[in-house]
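A quick write-up on the structure given underneath.
Labels below follow one simple rule: chain letters A, B, ... track the order of the sequence lines, proteins then strands, and each chain is numbered from 1. Just so it is clear, the structure is predicted and the values come from calculations on it, not from any experiment.
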Number of protein chains: 2
Amino acid sequence: MHDTDFRVPSAIREMRMGYFKGGFVVCCNTYYNRIITLHLIYHAINPYRRYSELKSDEKAAVLERSFIFSGLDDEDLSALSGLCIDKSFIPGEFIFWDEDPPEWFYIIAEGQVKVVKHSSSGKEFIIAFFGIGEVFGEVAVFENNPYPASAQAVGEVRVIGIRRQDFSTFLASRPQVALRIINVLGGRLRNAQDRLRDFAGERVEQRLAGVLLMLSNKLGSTLPFTRQEIADMVGTTTETVIRLMSIFRERGVIRSTRGKIIIQDRKKLKLLREGPPEILH
Amino acid sequence: MHDTDFRVPSAIREMRMGYFKGGFVVCCNTYYNRIITLHLIYHAINPYRRYSELKSDEKAAVLERSFIFSGLDDEDLSALSGLCIDKSFIPGEFIFWDEDPPEWFYIIAEGQVKVVKHSSSGKEFIIAFFGIGEVFGEVAVFENNPYPASAQAVGEVRVIGIRRQDFSTFLASRPQVALRIINVLGGRLRNAQDRLRDFAGERVEQRLAGVLLMLSNKLGSTLPFTRQEIADMVGTTTETVIRLMSIFRERGVIRSTRGKIIIQDRKKLKLLREGPPEILH
DNA sequence: CCCGCTTTATGATTTAAATCATGGTGGGTG
DNA sequence: CACCCACCATGATTTAAATCATAAAGCGGG
C-alpha cells in the first residue's frame with residue numbers, strides 16, 4: 001500500500017471545525033445562522049502519474065473494447081484515439097470530485113472505479129462500480145454541469161480521458177455513438193430507479209440481497225468487498241451487514257473470508273430479495 | 001368511474017390465483033416452492049377514448065413546446081407529427097404498466113402523469129411526476145426493454161405517442177435530437193442518484209423536505225398533493241408524513257388545506273433538508 | 001515474532017419510524 | 001339533507017435497525 005491511504009467516513013465522524021487528518025481537510029460552514037458540516041476532502045496527487053504511456057493504437061484497442069465505441073470504423077477510432085490521453089491512479093485516489101467542473105469524460109482501460117456520494121452527515125454511499133470498458137463521468141459532461149458525485153480508484157486504475165469539448169464535437173456527427181450513449185444512460189437510469197424503489201419499500205435484508213445479486217451479475221460469484229463497502233452500497237451500517245451476512249452464511253447462501261464474499265446459492269438470494277420470509281408461517 | 005373490462009398487466013399473466021380487495025387484486029404465485037404475494041392493480045379502460053382528435057399542426061405545436069424537439073425545423077416537425085397519434089386518459093387510468101413491452105414513446109400534451117413502481121409488498125412508490133411538454137417511457141423505448149415502471153394519469157391527460165420503431169429511425173438521422181435526449185436522461189439520472197443518496201443516508205424528515213423542495217422547483221409554491229401521495233414519493237407512511245407536516249406547519253414552513261400544500265418558507269425547508277438539528281446543541 | 005490495525009463478530013441498549021387504533025372533517029352525491 | 005368516503009389528525013404500541021460496547025481473528029510491517 002502507498003503512503004496515501006484514504007478512509008473517509010472515520011475521519012469525518014467527529015468533525016466540527018476544519019482540520020487536517022490523514023491527507024484530508026475537513027471543514028465546517030455557517031449557513032443561515034446555523035452550522036452545517038460540509039466535508040471537502042482533498043487528496044494527494046499521485047506523484048508518479050505519467051501521461052501518454054499508451055500508444056495511439058493501444059488506445060484505439062481500449063476504445064474498441066467498450067460498448068459505446070465498439071461500432072466505430074477504423075477511421076473514426078483513430079480520430080478519436082488521437083483526442084484521448086491516458087492517466088493512471090493509485091488505489092484510493094480520486095479521479096474527480098463531486099462538484100468539480102466536468103472537463104473529462106473517462107473510459108476505464110484497467111482496474112475498477114467506484115462512484116460515491118457523501119451524505120450531509122458524512123456517510124459514504126456507493127452509487128456504482130464500473131469495470132474495464134465502461135464509461136463514467138458522462139452525465140456531467142453531456143449536461144455541462146459539475147460532476148454529481150466523486151469517482152475513486154479501487155486498486156490500480158488506468159483510464160482514457162477525452163475532453164468535454166472534443167467529445168461533444170465528435171459526437172455531433174456520429175449519431176450511432178449518441179444512440180449507444182442513450183442506451184447506456186437508459187440502463188443506468190433504470191438501475192437507479194430500481195434501487196430507489198428498493199430503498200423506499202424494502203427492508204435491509206432484501207436490499208442487501210439485491211446488491212449482492214447486482215454485484216455478482218457484474219463480477220461473478222466471488223466479490224472482493226469488505227462488509228464496510230457492502231454497507232456503503234446498501235445504505236446501512238457495517239454491523240447490520242455483518243449480522244445479516246452471518247445469517248446468510250448459516251443458511252448456506254454465501255461463504256466468506258476476510259475482504260471476500262463467495263456467493264453459493266443464487267436461488268436463495270433471489271428469494272431473499274423478493275419476499276419477506278414471514279409469508280412462510 | 002366507468003366500469004368496463006380489464007386490461008391485464010403482463011406481470012399478472014402467470015399468476016395462479018388471486019382475489020379482489022378494495023380495488024386491488026391480490027395474487028399469489030408459486031416460485032421456488034414458496035408463496036409470494038404480489039399486489040397488482042387492475043384498472044378500467046376508458047371507453048370514451050378517441051384517437052386522432054388533434055390536427056397535424058396542433059401536434060406539431062405540442063412537439064415544438066417540448067424541450068427535446070424544440071430545436072427542429074418545420075420540415076422535421078411536420079414529418080414527426082405525421083408519425084404521432086394522440087390518446088386521452090381519465091384520472092387514475094394507467095397509460096402503460098410495469099413490464100409491458102415498450103411500444104410507445106409519449107409526450108404530454110395536457111395534464112400530468114406520475115410514474116410509479118410497486119414494491120414486492122404492494123406499496124406504491126412514485127418515481128417521478130411529469131407535466132406538459134415532458135416525455136416519459138423513453139428508457140424502455142431506447143433500450144427496447146419492457147417498461148421499468150407504470151405510468152398513471154393524474155387528472156385528465158392527453159398525450160402524443162410515437163411508435164418505437166418510427167422514433168428510432170427518425171432519431172438515427174437527427175443527432176441534435178439525440179443530444180437533447182442525452183441531456184434529459186442525464187438530468188434524470190442525476191436526480192435519481194441524488195434521491196438514492198438521500199434515501200440511503202438521510203432521515204425521513206430530511207427526505208420529506210427534499211421532496212417538497214423538488215416539487216416546488218417544478219410546480220411553484222402550491223403543491224396539489226395529498227399526504228398519501230407525498231408519502232409515496234418520500235417512501236414512508238401516510239401517518240408519518242401527516243405528523244411531520246403538522247410540525248412543519250407549526251414552525252411556519254408550510255400551510256395546507258385538503259389535498260393542497262402551500263410552501264411558505266423555502267429557506268427553512270432547505271435547512272430541514274440539509275442538516276440534523278442536533279448539531280446545534 | 002510481536003505489535004498495531006483492519007476486519008469480522010456478537011451482545012445490550014436506544015431510537016426512528018411503522019403499525020395499530022380511533023376519531024374528526026370536509027366535500028361530493030344519491 | 002344525510003350519508004359515505006377520502007383525507008387529516010393524534011395517541012399507544014411495536015419493531016427494525018442504528019448505536020454503543022467489547023473482543024476475537026487475520027494480516028502486514030518493523
Near B:K218 NZ, under 6.0 Å, is it more than 12 heavy atoms from other residues, nucleotides or ligands?
yes
Out of D:dA9, D:dC7, D:dA17, which has the shortest distance to the side chain of A:T240?
D:dA17
With a 6.0 Å cut-off (strictly less than), is the heavy-atom count around CZ of B:R266, excluding the residue itself, greater than 12?
yes
What integer distance in Å separates B:I242:CD1 from C:dC20:P?
16 Å
Could you please spell out the steps behind the side-chain hydrogen bond (donor to acceptor under 3.5 Å, both in side chains) verdict for A:S256 and A:R227?
CA-CA 10 Å; A:S256 69; A:R227 308 285 197 263; 2.8 Å; yes
For the side chain of B:R249, starting at C-beta, report the closest nucleotide among C:dA17, D:dA9, D:dA17.
D:dA9
If I take atom NZ in residue B:K260 and atom C1' in nucleotide D:dA6, what distance separates them, rounded to the nearest angstrom?
17 Å
Report yes or no: is there a donor-acceptor pair, N or O only, under 3.5 Å between the side chain of B:R227 and the base of D:dT10?
no
Rounded off to whole Å, could you give me the CZ-to-P distance for the A:R207 and D:dA16 pair?
14 Å
Whole angstrom value for the distance that separates C1' of C:dT10 from CD1 of A:I247:
12 Å
Figure out the CZ/P separation between B:R243 and D:dG11, and round it to whole Å.
8 Å
Let me know the distance between CD of B:E229 and P of D:dC7, rounded to the nearest Å.
8 Å
A:T237 vs D:dA18: side-chain N/O to OP1/OP2 distance below 4.0 Å:
yes
Are A:R207 and A:V211 close enough, and set up right, to give a side-chain contact (heavy atoms from CB on, under 4.5 Å), and what steps lead you there?
CA-CA 6 Å; A:R207 274 154 47 195; A:V211 165; 5.6 Å; no
Indicate whether OP1 or OP2 belonging to D:dA6 is found under 4.0 Å from a side-chain N or O atom of B:T226.
no
Heavy atoms only, 4.0 Å cut-off, all strands: where does A:R258 land among base, sugar-phosphate and nothing?
base
Heavy atoms only, 4.0 Å cut-off, all strands: where does A:T236 land among base, sugar-phosphate and nothing?
sugar-phosphate
To the nearest Å, how far apart are B:E239 CD and D:dC8 P?
12 Å
Under 4.0 Å, counting only non-hydrogen atoms across every strand here, what does B:T238 touch: a base, just sugar-phosphate, or nothing?
nothing
Point-to-point distance, once rounded to the nearest 0.5 Å, from OH of B:Y106 to CZ of B:F96
7.5 Å
Please report the distance, rounded to the nearest Å, between CZ in A:F199 and C1' in C:dA17.
17 Å
